[in-house]
There are 2 protein chains.
Amino acid sequence: MDHATHTHAKAPQGKGPQGADPTRIERLCIERGLKMTGQRRLIARVLSEAEDHPDVEELYRRAIALDSKVSIATVYRTVRLLEEKGILERRDFGGGRSRYDPADRGHHHHLIDVDTGTVIEFEDEEHERLVQSIAARYGFTLVQQRLELFGKKAPAPAPAPEAKRRPGTATKKDGG
Amino acid sequence: MDHATHTHAKAPQGKGPQGADPTRIERLCIERGLKMTGQRRLIARVLSEAEDHPDVEELYRRAIALDSKVSIATVYRTVRLLEEKGILERRDFGGGRSRYDPADRGHHHHLIDVDTGTVIEFEDEEHERLVQSIAARYGFTLVQQRLELFGKKAPAPAPAPEAKRRPGTATKKDGG
DNA sequence: CTAAATGCAAAGCTTTTGCGCTCGT
DNA sequence: ACGAGCGCAAAAGCTTTGCATTTAG
């Protein structure tokens with residue numbers, strides 16, 4: 001259901017009973033001077049508690065499960081806003097829907113199991129150095145990057161005699 | 001209009017007058033036993049001549065410019081088919097539309113200039129080795145990968161005081 | 001109090017699909 | 001001849017938006 005490295009939506013990170021103090025994401029919103037409505041607080045909380053890569057529908061589902069005073073249009077408006085503010089990063093793992101990832105988790109990449117849809121997050125220092133040097137090679141400064149590996153658990157696959165699966169279209173597991 | 005490494009739609013690769021012999025992509029289609037209709041031949045030709053990463057609308061535009069006997073639905077159906085057959089690879093550079101890239105060009109990655117939308121293709125052996133080893137580290141065999149670098153020409157950017165641009169949403173240049 | 005945010009439903013975009021006709025093989 | 005492919009237009013997803021109402025600061 002989730003990526004292998006950690007479990008799904010986790011409890012608040014060691015604060016008191018989760019009811020009235022600002023979540024991680026909410027704090028970021030306040031820092032950037034956003035007007036904090038009840039809906040935004042709610043969405044911020046859902047995002048703070050999520051450790052996967054939910055799409056808008058999933059965020060909406062989790063939000064109304066907690067409070068039910070949000071419309072999906074507001075979720076769309078909010079993730080867009082938070083992305084513009086650099087609080088969220090939008091991802092595309094195939095499947096047509098955008099997935100969202102809090103930026104404060106630090107840079108990481110994804111290894112997607114094409115058979116199960118499982119998403120594994122990873123970091124790699126050597127890779128970071130390498131892409132910096134590649135960008136530099138062309139006279140560029142890196143603003144953003146995206147590395148996604150799609151793989152299978154088994155040995156090496158035959159060179160695809162006939163691909164029935166659309167590459168990049170994960171089977172809708174993590175976050176969805 | 002195109003990426004910096006090479007020019008736009010090129011002339012047929014040294015064959016006779018381009019009218020009646022199979023293009024590079026058409027040959028691949030025949031190899032896989034696809035029924036070659038006039039429309040498919042036309043689309044195959046457009047793909048063979050393209051060196052950028054056109055989306056469906058752009059393919060459609062180029063196709064009707066040559067012949068005008070295609071509907072956009074057929075272009076959609078054809079790129080989907082060719083992707084399933086492993087002849088095309090679908091890409092997402094942001095902007096909502098899928099872009100297509102003939103697979104026989106060999107594996108390469110993309111460096112996108114976020115200011116101009118220019119797409120630079122590159123390869124990097126060290127990177128290939130690295131991702132293989134990363135996949136292996138998790139017990140996976142790589143089926144596909146995706147590396148996209150988004151950058152700017154200038155010096156290092158300040159840590160984004162307020163991002164107005166949606167990351168990954170290129171300003172529609174290459175292929176569009 | 002004023003500008004910004006929300007809800008709802010309608011509209012926008014890209015992509016897919018049902019169906020009758022056409023065309024490769 | 002027959003099944004695959006085509007065109008057209010309608011429909012399906014995901015996302016955005018207009019407008020009247022509510023709310024944060």
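- Proximity note for A:Ala73 (side chain, C-beta onward) versus C:dT6, C:dC8, D:dC6: the nearest is C:dC8.
- Phosphate proximity of D:dT15 to A:Ser98: present, with a side-chain N or O under 4.0 Å from OP1 or OP2.
- The CD1-P distance, from A:Ile43 to C:dA5, rounds to 12 Å in whole Å.
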Exercise. Would A:His107 and A:Gln145 count as a side-chain hydrogen bond (donor to acceptor under 3.5 Å, both in side chains) if you check the C-alpha gap in whole Å, the side-chain angles of each, and the deciding distance to 0.1 Å?
Worked result: CA-CA 9 Å; A:His107 276 291; A:Gln145 63 160 306; 5.7 Å; no
For this session: Mind running salt bridge (charged side-chain N to carboxylate O under 4.0 Å, His left out) on B:Arg129 and B:Glu125 for me, showing each step along the way?
Result: CA-CA 6 Å; B:Arg129 283 192 295 99; B:Glu125 270 209 35; 5.3 Å; no
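- Nearest-nucleotide positions on DNA chain C for A:Thr78 and B:Ile72 put A:Thr78 closer to the 5' end.
- Separating the CD1 atom of A:Ile64 from the P atom of C:dC8 is a distance of 11 Å, rounded to the nearest angstrom.
- Checking the phosphate oxygens (OP1, OP2) of C:dC13, no side-chain nitrogen or oxygen of B:Arg97 falls inside 4.0 Å.
- For the pair A:Tyr76 and D:dT15, the criterion of a side-chain N or O lying under 4.0 Å from OP1 or OP2 is met.
- In this structure, B:His109 and B:His127 have perpendicular ring planes: the angle between them is above 60°, well past the 30° mark.
- Side chain of A:Arg41 to backbone of A:Met36: a donor-acceptor contact under 3.5 angstrom is found.
- When the C1' atom of D:dC6 is taken as reference, atom CG of B:Leu42 falls 13 Å away, rounded to whole Å.
- Between B:Glu121 and B:Arg105, at least one side-chain N (NZ, or NE/NH1/NH2) sits under 4.0 Å from a carboxylate O, which counts as a salt bridge.
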Hey, what are the protein-to-nucleotides 23-25 of chain C N/O distances that come in under 3.5 Å?
unit_1, atom_1, unit_2, atom_2, d
C:dT25, OP1, B:Met36, N, 2.9

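- In this structure, the CD atom of A:Glu84 is 14 Å from the P atom of C:dA4, given to the nearest Å.
- Per the geometry, NZ belonging to B:Lys69 stands 17 Å off C1' belonging to C:dC21, to the nearest Å.
- Atom pair A:Tyr60:OH and C:dT6:P shows a separation of 14 Å (rounding to whole Å applied).
- One can place CZ of B:Arg99 at 14 Å from C1' of C:dT14, the figure rounded to the nearest angstrom.
- Dashed line: the shortest gap from a side-chain N or O of A:Arg40 to OP1 or OP2 of C:dA5 is under 4.0 Å.
- Salt bridge B:Glu57/B:Arg61: present, at least one basic N to carboxylate O contact under 4.0 Å.
- For B:Ser71, the listed nucleotide lying nearest its side chain is D:dG7; candidates were C:dA9, C:dT16, D:dG7.
- A salt bridge does not link A:Glu83 with A:Arg80: none of the charged nitrogens is closer than 4.0 Å to a carboxylate oxygen.
- For A:Arg77, whose side chain is taken as the heavy atoms from C-beta onward, the closest listed nucleotide among D:dC6, C:dG7, C:dA5 is C:dG7.
- OP1 or OP2 of C:dT22 has not a single side-chain nitrogen or oxygen of B:Gln39 nearer than 4.0 Å.
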